[in-house]
Amino acid sequence: MTMTIRATNTDILAMAERVLESGHHTARIVSVSDDGAAAEVEIAGDHHTATVAVGCLVRPIPQDMVLLFTDGEQAFVVTVLERTASNGGVVGLPGGRNISIEGETITLATRQRLSLRADSIDLQTKLFAVLADKGTWIGKLYTLIADHVRCSARIQEASAESLTTKAVARVAVIERIDSLQTETQAIRVTGIASETAHSKVIAVSEDLRLDGKRVTVA
C-alpha cells in the first residue's frame with residue numbers, strides 16, 4: 001500500500017525557515033549561557049543555537065536584537081543592534097576570558113561614578129596623580145613604600161585608634177600654632193633634649209616635679 005503525502009506551500013516555507021541560509025540575519029536573543037559564550041536566538045518563530053563571536057564585546061542579554069551570521073553550519077552573534085530591556089551593558093569577551101586595552105592614550109569619562117572592583121589591583125606607572133575634591137581610603141591594611149613622599153594640603157586630618165610614627169630623623173615646622181590635647185603624654189629621650197623658646201608657661205593643676213641628678217634654673 002502506497003501512501004502519498006502532499007506538502008502545501010505553507011509547510012514548505014515553514015521547513016525553509018528552520019534551516020538558516022548562509023549570510024546575515026537579524027535575531028532576538030532568548031537566553032544566554034552563564035559564561036556568555038553561547039546564546040539561543042529566535043528567527044521567524046524558530047529557535048537556533050548560536051555562538052557569541054569574540055568581536056561581540058557588548059554581552060547580549062535576553063530580548064536584545066542582534067545581528068547573526070551563519071556559514072550554513074554554525075551561527076555567530078556578531079553584534080547587538082538594539083536593547084529595549086535595560087539601559088545598562090557589560091563589555092567583555094565571551095567565556096569570561098581576559099581582556100586588555102592598549103593605546104597611547106586611554107581616557108575613561110563618566111558623568112556620575114566610576115567603580116573598580118577586583119580581588120587585586122596592580123598599578124605600574126612613572127607618574128601617578130589624583131585630583132579630587134574629596135578622597136576616602138578604607139582598608140584593613142594600608143602600606144606605602146616610597147623613596148620620597150610629599151604631602152601638601154590646606155586642611156589635613158588624621159584619625160586612628162592607634163597611630164605609630166617611626167623615622168630616623170624627624171623635623172616638624174609649625175609656623176603659627178601647635179596645639180596638643182591628650183590624657184597622658186610620655187616623652188622618652190635617650191640622648192639630649194633641648195628646647196628654646198622666647199616665652200614659655202607651664203601650668204599644672206596639682207603637681208610639678210623636676211627629677212634629676214642636677215637641676216639648674218637660671
Side-chain angles (χ1 to χ4, degrees), residues 34-36 57-59 61 83 85-93 96-218:
D34 295 336
D35 59 358
L57 296 181
V58 178
R59 184 170 299 175
I61 62 175
R83 173 165 298 176
S86 175
N87 293 329
V90 176
V91 176
L93 289 179
R97 287 174 286 184
N98 298 334
I99 184 171
S100 300
I101 302 176
E102 183 178 352
E104 292 294 333
T105 300
I106 298 176
T107 302
L108 299 178
T110 62
R111 292 186 177 91
Q112 294 183 356
R113 182 182 179 185
L114 175 63
S115 178
L116 299 177
R117 297 189 303 271
D119 293 337
S120 177
I121 296 179
D122 298 330
L123 178 61
Q124 298 179 7
T125 179
K126 295 181 179 179
L127 177 62
F128 179 66
V130 177
L131 303 176
D133 295 335
K134 183 179 180 181
T136 302
W137 293 83
I138 300 176
K140 294 182 179 180
L141 177 63
Y142 174 69
T143 303
L144 175 61
I145 301 175
D147 293 336
H148 189 176
V149 176
R150 177 181 297 173
C151 180
S152 177
R154 188 174 64 86
I155 297 176
Q156 181 176 352
E157 297 179 358
S159 178
E161 183 177 350
S162 177
L163 179 62
T164 302
T165 302
K166 182 179 180 181
V168 176
R170 177 177 178 267
V171 178
V173 179
I174 310 299
E175 293 184 355
R176 294 184 181 178
I177 300 174
D178 186 12
S179 178
L180 173 63
Q181 181 179 355
T182 180
E183 181 179 353
T184 303
Q185 183 184 18
I187 300 176
R188 181 182 179 184
V189 181
T190 58
I192 299 174
S194 176
E195 185 175 354
T196 303
H198 180 270
S199 177
K200 183 174 183 180
V201 177
I202 300 177
V204 296
S205 60
E206 294 184 0
D207 298 329
L208 175 61
R209 178 180 178 181
L210 299 176
D211 190 1
K213 291 182 179 181
R214 292 183 301 273
V215 176
T216 302
V217 178

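When reading the values below, keep in mind they use all heavy atoms of this one structure, side chains included, and skip hydrogens, waters and symmetry mates. All values reported here derive from a predicted model rather than from experimental measurement.
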Asker: Would you indicate whether the side-chain heavy atoms of Val90 and Val58 approach each other to under 4.5 Å?
Answerer: no
Asker: Which donor-acceptor pairs under 3.5 Å do the side chains of residues 191-212 make with protein atoms, sequence neighbours left out?
Answerer:
unit_1 : atom_1 : unit_2 : atom_2 : d
Glu195 : OE1    : Lys200 : NZ     : 2.9
Glu195 : OE2    : Lys200 : NZ     : 2.9
Arg209 : NH2    : Asp211 : OD2    : 3.2

Asker: Looking only at heavy atoms, which two atoms of Ala160 and Leu163 are closest? And how far apart?
Answerer: CB-CB, 4.4 Å
Asker: Any idea which heavy atoms bring Gln185 and Leu180 closest together, and the distance?
Answerer: NE2-CD2, 3.4 Å
Asker: Using a 3.5 Å cut-off and no angle test, enumerate the donor-acceptor pairs between side-chain atoms of residues 122-139 and protein atoms at least two apart in sequence or in another chain.
Answerer:
unit_1 : atom_1 : unit_2 : atom_2 : d
Thr125 : OG1    : Leu127 : N      : 3.2
Thr125 : OG1    : Leu127 : O      : 2.7

Asker: Measure the CG-CG distance between Leu116 and Leu108 for me, rounded to the nearest 0.5 Å.
Answerer: 8.5 Å
Asker: If I take atom CD from residue Gln181 and atom OG from residue Ser179, how far apart are they, to the nearest 0.5 angstrom?
Answerer: 7.0 Å
Asker: Which pairs of donor and acceptor atoms, one on a side chain in residues 142-151, lie under 3.5 Å apart (sequence neighbours left out)?
Answerer:
none

